[in-house]
Protein chains: 2
Amino acid sequence: MEQTLTISIQDYLKNIYELTENGESASTNALASKLNVKPASVTGMVQKLASAKPALVEYQKHQGVTLTDDGKKAALEVIRHHRLLEAWLVQTLGYSWDEVHAEAEKLEHVISEDFERRIAAAMGHPLRDPHGELIPTADLQMPLDDSTPLSSLRANQSGTVQYVKAADAELLKHFETLGLIPEAELEVTGYSPFDHNLTIKIGRKSIVLGLNITSKIYVKES
Amino acid sequence: MEQTLTISIQDYLKNIYELTENGESASTNALASKLNVKPASVTGMVQKLASAKPALVEYQKHQGVTLTDDGKKAALEVIRHHRLLEAWLVQTLGYSWDEVHAEAEKLEHVISEDFERRIAAAMGHPLRDPHGELIPTADLQMPLDDSTPLSSLRANQSGTVQYVKAADAELLKHFETLGLIPEAELEVTGYSPFDHNLTIKIGRKSIVLGLNITSKIYVKES
DNA sequence: CTTTAAATTTAGCCTTGACTAAATTTATTT
DNA sequence: AAATAAATTTAGTCAAGGCTAAATTTAAAG
Ligand SMILES: [Mn+2]
Ligand SMILES: [Mn+2]
Ligand SMILES: [Mn+2]
Ligand SMILES: [Mn+2]
């Protein structure tokens, strides 16, 4: 039942999961650019995943893909590996949060379930990875996310950073120098409707952030 | 220069290294059975490795293969990864020496050089893996091995176990129950020339071991 | 020196998962 | 509604790295 999926398939499923978290289906083009692969290749793979038994995705020509329950399970397994590994690399080998992603990206596909259990136990079953992202549980449920993008807050609203959604090392370093890390408290003091810039107060500083940033910072309003 | 070799190629090189440590060349059949692949597949791959630039193996039809300097470098890189990983898994995650091999076999191909450095440093640059096998140095030299197989000792010779050459979990567990682990001291008290059995005293026990075992235990005579 | 056996190589085929170029479908504009 | 643009799919290739079956080479025996 749990035959081992190829690394490519694992990556497709993980990326489909991420693109469909919002409820929409994942388009061929979006998947292609996320996977660094040509759209034609995506069509081919997606057709295969749809006709696999059991099917891993739901697919209608020109309508994009979504995950079946089996596909979602497989995706969450990879995501759990990835996030546990990130946490573990930071906690035991002193990686910084901008260095872990690439390493976890490769390890996620080859560790055993035993390895997964051991690092989870060694860290006391952490709930979040170094970026604050929720780690799927051992029985492959994604915990409820009670945060919203910072970009959805307006003047006088304040909150606590829950997680940052970014893999790029440079961007993560930038977030860090701004103090935009999990647990950070911030308050929105201004909003510019034309460019969607937000002015926020964080620590003793006041900074202006564009949508490119605010859409990647997830906060819990307080 | 250091293009990334495929996992298959890394495994071929590692296994060729192991088969040629004794100075002889590795035969197609031996390589095939070690890699769990058919002889025809080995021929194909070996031809490719020989005509790669730079060549990774030296190969003459029907004469078996040996590693070139480049091939040996690549093999030692994989072996260093493997053995450091085994040590790391035992020291930090509580794996037993019979569980580490399979995990290291997969991880060895995907960890970065940075990861390698970090675990080596975290362990204080260990010289041997959990089985006592020597770990190639960071600059990819294999340290000198001053041990001989237990099978080459005779009555009244004694020594200290340096390492055991085995990957099979059952065999390793058996070695452990016999006390045949690195650092163990033993003395040969008898030799049976017909079946090559050795009688050895280890701890307070006296046991008789067949060639299948004594050829896999490497000791330093004392 | 032949014959037989064992080892190795060759030839042809298969699966994965990419790619390019061409065809098609859907969406957007005029 | 027609034309253009954007997105997607189809068709045909390719490289890796396996496999089987057949051919060949080397080694062993009589
Ligand atoms: Mn990946
Ligand atoms: Mn993360
Ligand atoms: Mn391997
Ligand atoms: Mn070992």
Side-chain angles (χ1 to χ4, degrees), chain A residues 3-16 19-20 22 24-67 71 74-75 78 105-106 108-110, chain B residues 3-16 19-20 22 24-67 71 74-75 78 105-106 108-110:
Chain A
Q3 11 78 44
T4 299
L5 305 170
T6 66
I7 291 176
S8 280
I9 290 177
Q10 290 180 38
D11 277 334
Y12 271 89
L13 295 175
K14 180 175 76 162
N15 283 282
I16 293 169
L19 286 173
T20 55
N22 56 13
E24 298 175 27
S25 75
S27 75
T28 301
N29 268 359
L31 249 185
S33 82
K34 206 157 181 294
L35 286 164
N36 283 306
V37 140
K38 302 298 178 199
S41 304
V42 169
T43 300
M45 178 61 92
V46 144
Q47 288 172 337
K48 189 169 78 173
L49 298 179
S51 57
K53 54 164 200 164
L56 296 168
V57 305
E58 192 78 46
Y59 168 66
Q60 302 290 341
K61 269 190 193 183
H62 298 277
Q63 304 302 134
V65 281
T66 55
L67 295 172
V78 180
E105 194 66 33
K106 301 211 290 178
E108 65 187 5
H109 307 293
V110 302
Chain B
Q3 14 76 44
T4 299
L5 305 169
T6 66
I7 291 176
S8 279
I9 290 177
Q10 290 180 39
D11 277 334
Y12 271 89
L13 295 175
K14 182 175 73 162
N15 283 281
I16 292 169
L19 286 174
T20 56
N22 55 15
E24 297 175 27
S25 76
S27 76
T28 300
N29 267 1
L31 207 38
S33 81
K34 206 158 180 294
L35 287 164
N36 282 307
V37 140
K38 302 298 177 196
S41 304
V42 170
T43 300
M45 178 61 92
V46 144
Q47 289 173 337
K48 189 169 76 172
L49 298 179
S51 57
K53 53 164 200 165
L56 296 167
V57 305
E58 191 78 46
Y59 167 66
Q60 302 290 341
K61 270 190 192 182
H62 298 278
Q63 304 302 133
V65 281
T66 56
L67 295 173
V78 181
E105 194 66 34
K106 302 211 288 178
E108 65 187 6
H109 306 293
V110 302

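Residue numbers begin at 1 in each chain, while the letters A, B, ... track the order of the sequences. Note that the structure is predicted; figures quoted are calculated from it, not measured.
- In this model, the phosphate group of C/dT16 is not approached by any side-chain N or O of A/Tyr12 to a distance below 4.0 Å at OP1 or OP2.
- With a 4.5 Å cut-off on side-chain heavy atoms, B/Lys106 and B/Ile7 do not count as touching.
- The side chain of A/Gln63 places no N or O atom within less than 4.0 Å of a non-bridging phosphate oxygen (OP1 or OP2) of C/dT25.
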One pair to check against side chain to side chain contact (heavy atoms under 4.5 Å, CB included): B/Ile9 and B/Met45. What are the steps and the verdict? CA-CA 8 Å; B/Ile9 290 177; B/Met45 178 61 92; 3.9 Å; yes

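- Between the C1' atom of C/dG17 and the CD atom of A/Gln10 lies a distance of 15 Å, rounded to the nearest Å.
- Test A/Val65, A/Leu67, A/Val57, A/Leu5 against A/Leu49 for side chain to side chain contact (heavy atoms under 4.5 Å, CB included) and you get one pass: A/Val57.
- With a cutoff of under 4.0 Å to any heavy atom of chain A, the contacted region of DNA chain D is bounded 5' to 3' by D/dA7 to D/dT10.
- Residues A/Lys48 and A/Leu56 have side chains not in contact (no heavy-atom distance under 4.5 Å, counting atoms from C-beta outward).
- Contacts of residues 31-46 of chain B with DNA chain C (heavy atom under 4.0 Å): B/Pro39, B/Ala40, B/Thr43.
- In this structure, CD1 of A/Ile7 is placed 21 Å from P of C/dT15, rounded to the nearest angstrom.
- Screening B/Thr6, B/Asp11, B/Thr4 against B/His109 for a side chain to side chain donor-acceptor pair (under 3.5 Å) leaves a single residue, B/Asp11.
- One finds the NZ atom of B/Lys38 at 10.5 Å from the OG atom of B/Ser33 (value rounded to the nearest 0.5 Å).
- Taking the side chain to side chain donor-acceptor pair (under 3.5 Å) definition, one finds that A/Glu105 meets it with A/Lys14, A/His101, sequence neighbours left out.
- Counted within 6.0 Å of NZ on B/Lys34, heavy atoms from surrounding residues, nucleotides or ligands total more than 12; the atom is thus considered enclosed.
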